[in-house]
Amino acid sequence: MANRGEIALRVMSTCREMGIATVAVYSEADRKAAHVLKADQAVFLGDPEPAESYLNIDKVISAAKQTGAEAIHPGYGFLAENPLFAERCEQEGLAFIGPPSDVIRKLGDKTVARRTVAGSGVPVIPGMNRPESDPGILAQEAANIGYPVLIKAAAGGGGKGMRIVTSPKDFDEACVSASSEAQRAFSDGAIYLEKYLARPRHVEFQIVADIHGHVVHLFERECSIQRRHQKIIEETPSPIMTPELRERMGSAAVAVAKASGYVNAGTVEFLVDQEGKFYFLEVNTRLQVEHPITEMITGLDIVRIQLEVASGNPLPFTQENVRSRGHAIECRIYAEDPEKGFYPSPGKIIYMQAPTGPGIRNDCGIYSGFQVPVEYDPILSKLIAYAEDRDQAISRMIQALKDYVILGVRTPVPFLIDVLKSEAFARGDTFTDFIDTHFAGWKPSRRDADAACAAFIIDEMSRVRKAGAPAGQVGADPTPWQTLGPWGR
Amino acid sequence: MQYRLKTGENVISFQVEKKGDYAVTLSHDNCLVDVEYAVISGHCLHLVINGTPLNAYLARDGDATTVIIRGIPYSIQDADIHNTRTRGKKGLQAIPQDVTPPMPAVVVRILVTVGDNVKHGQSVIVVESMKMETTLTAPSGGSVRAVNVAVGDKVMPGQILVDIDRDDGVSTKEESQPV
């Protein structure tokens, strides 16, 4: 398992069910990480910085070799979409749980992906199909496309190297800064242009494909609620979806997969404009962060499908017999402070208590006492609520969030509660500018300040009371005789 | 007993009266709050506030205690203790005024060397936390006296990463903001 955190645990769970032994890899910062504690074996990689650990192809391959692993699951992030890593696995005789390296390479360059997809008849966002560095040609292309235009990095992802330009006077400068940002982020400064779509929705389709040429889509996920171009709430079905649109977009997703020779699980992302027209955006050649909501409504285990497909087995279903039922929502729980511009908030998890109950799933990579490293992605866990319909799923998620206690780092939990409670979310008015439009400068309403002060005072008082007790007693679990207090309330 | 608590911008004085082993009354600004309680663990209290039950989760983090109620965090400090500890300094405000990261981070680029003359607001160091980069700028014009860190170092809020001798002769303790 060439990854860490919640996704490593998620993948290992399915491996266990299938009787597959697991090997974790870990860095110095992750000696006590949850994925290390769960694996059958664990191999130390090196220093915390990703280049010395989770991004180091030689070390990961060597860990696989020395433990006799037969396959590598890359999770998401790190090496998941690195064609060199997939190629290396192929050369070393290790099964890479994902698409072939040439498919990753083809779809990883956005301009190549656009050319591939345009040939299959699927609508792409108007724009260029080749990267360009000549400022004159770029300016001419921008004029042809018509402002506003979007500058994008050919190797892009995560909003890096992306600029919206509304007027020609800002264009040259934006190209220079986008290109240098892309160069730093991806070691590739190539940029190209697309028409900028105002207030789109981000709707993606889960696809699975086997080596026998079968491709099936597992319906859509609506992922429009984003901060810094990163999703924070996803749901399925999409509030705007009709059976007719689903049929057309699903077929387009399958066509994209077939045109690129896709194998294993992947995600075809689309933008849907105000008129309900959809455009191909990109393919994510990995297991997606938000895959659990698809699992909830289909009852399928996507990791199991990945492992079966990688073993050469055919998909165990056809498009006709994949069914969905109910509604699922995912909230990403990051270590970040929603009151301070979603700034990262690493630190030690002093205490945590996760929600449980019908329809609640918590894919979690942390525990009380775990030190959340500064070196990696801030995702701590993903909370998923499933219910019969959208309104029930929203209510269920709100209650689960209120029960989700994480002390020691800040999390977006209070923000997520307010988003889910909002009229705009209830109406399904979910566009990519949702947070800027409805929640700019957000602060939680702190109605329970008196109760919080009472808790502080009582905590102080009970510490004073315990001060006479032997060391080690403070904060220890009290007996019911000490705690039951108000009998018969 | 009396407590002066700081929550957000407000300082509230509470008069606390014990009403039994597991009950207290708090009063402030003509408000009376009846509290029954049970200590569930070192991090969890069950409270009945004026007849309404709720669970409060708390953790001490340095000076402040974070209390989570119904999913919302409240940061609470004992105003008296807080004042004693910060008296004579500029208080908590002093921290963001130096070349110091706003959160635990790793140094990724150092943009100045000792002896450089920097302008007010010039970028001096880039830190990264959880894949997000933040550029720290010079709090004032001056010359770089010392660079206290190296690329790859882990740094904490409050730690001074770069010392700058100000043009007017005062050494840096002035404002520096992340950009």
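Order of the sequence lines sets the chain letters (A, B, ...), proteins ahead of strands, with each chain counted from 1.
Contact annotation for A:Pro346: both backbone and side-chain heavy atoms come within less than 4.5 Å of a heavy atom of chain B. Residue A:Pro373 touches chain B through its backbone alone, counting heavy-atom pairs closer than 4.5 Å. Only the side chain of A:Ile417 comes within contact range of chain B, judged by heavy atoms closer than 4.5 Å. If you measure heavy-atom distances from B:Tyr57 to chain A, the contacts under 4.5 Å come from both the backbone and the side chain. Both the backbone and the side chain of B:Tyr74 come within contact range of chain A, judged by heavy atoms closer than 4.5 Å. Heavy-atom distances place the backbone of A:Tyr376, and not its side chain, under 4.5 Å from chain B. Of the atoms belonging to B:Thr66, heavy atoms from both backbone and side chain fall under 4.5 Å from chain A. For A:Gln353, the part lying near chain B is the side chain, with the backbone staying farther off; criterion is any non-hydrogen pair under 4.5 Å. Interface residue B:Leu5: only side-chain heavy atoms are found under 4.5 Å from chain A. Residue A:Ser368 does not touch chain B at all, counting heavy-atom pairs closer than 4.5 Å. In this structure, chain B has no heavy atom under 4.5 Å from any part of A:Leu416. Both the backbone and the side chain of B:Ile76 come within less than 4.5 Å of a heavy atom in chain A.
When all heavy atoms are compared, the tightest approach of A:Ala455 to B:Leu58 is O-CD2, 3.6 Å. Listed here is the closest heavy atom pair of B:Leu47 and A:Ala451: CD1-O, 3.7 Å. Contact between A:Ile350 and B:His43 at its shortest, heavy atoms only, is CG2-CE1, 3.4 Å. For B:Ser75 against A:Arg410, the heavy-atom pair with the smallest separation is CB-NH2, 4.0 Å. Minimum heavy-atom separation, B:Pro73 to A:Pro414: CD-CG, 3.6 Å.
By number of non-hydrogen pairs under 4.5 angstrom with chain B, the leading residue of A:Val413, A:Asp459, A:Thr411 is A:Asp459. Listed options B:Arg70, B:Met103, B:Met1 were ranked by heavy-atom pairs under 4.5 angstrom with chain A; first place goes to B:Arg70. Among A:Glu339, A:Arg446, A:Glu336, the residue with the largest count of heavy-atom pairs under 4.5 Å with chain B is A:Arg446.
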(request) List the steps, then state whether side-chain contact (heavy atoms from CB on, under 4.5 Å) holds for A:Glu460 with B:Tyr3. (result) CA-CA 10 Å; A:Glu460 288 277 317; B:Tyr3 282 90; 3.6 Å; yes
(request) Take B:Leu26 and A:Ile457 through the test side-chain contact (heavy atoms from CB on, under 4.5 Å) and record every step on the way to the result. (result) CA-CA 9 Å; B:Leu26 310 181; A:Ile457 290 167; 4.2 Å; yes
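In this structure, B:Val35 and A:Ile458 have side chains that are in contact, with non-hydrogen atoms separated by less than 4.5 Å. Between A:Cys453 and B:Thr7 the shortest side-chain heavy-atom distance falls below 4.5 Å. Using a 4.5 Å cut-off on side-chain heavy atoms (C-beta onward), B:Met130 and A:Tyr334 make no contact. Within the 4.5 Å cutoff, the side chain of B:Ile49 has no heavy atoms near those of the A:Asp450 side chain.
In this structure a side-chain-to-backbone donor-acceptor pair under 3.5 Å is missing from A:Tyr351 to B:Ala59.
Contacts between residues 104-112 of chain B and chain A, defined by a heavy-atom separation under 4.5 Å, are made by B:Pro104, B:Ala105, B:Val106, B:Arg109.
Within a 6.0 Å sphere centred on CZ of A:Arg228, heavy atoms belonging to other residues, nucleotides or ligands number more than 12.
Interatomic distance, CD1 of B:Ile68 versus CD1 of A:Ile406, reported as 8.0 Å (0.5 Å rounding).
Remark: A:Asp377 engages B:Lys131 in a side-chain hydrogen bond (donor to acceptor under 3.5 Å, both in side chains) (not counting sequence neighbours). For A:Asp418, the side-chain hydrogen bond (donor to acceptor under 3.5 Å, both in side chains) partners two or more places apart in sequence, or in a different chain, are A:Trp442. Judged as a salt bridge (Lys or Arg N to Asp or Glu O under 4.0 Å), and not counting sequence neighbours, the contacts of B:Lys19 are B:Glu17.
Classification of A:Glu49 and B:Lys154 as a salt-bridged pair fails, no side-chain N sitting under 4.0 Å from a carboxylate O.
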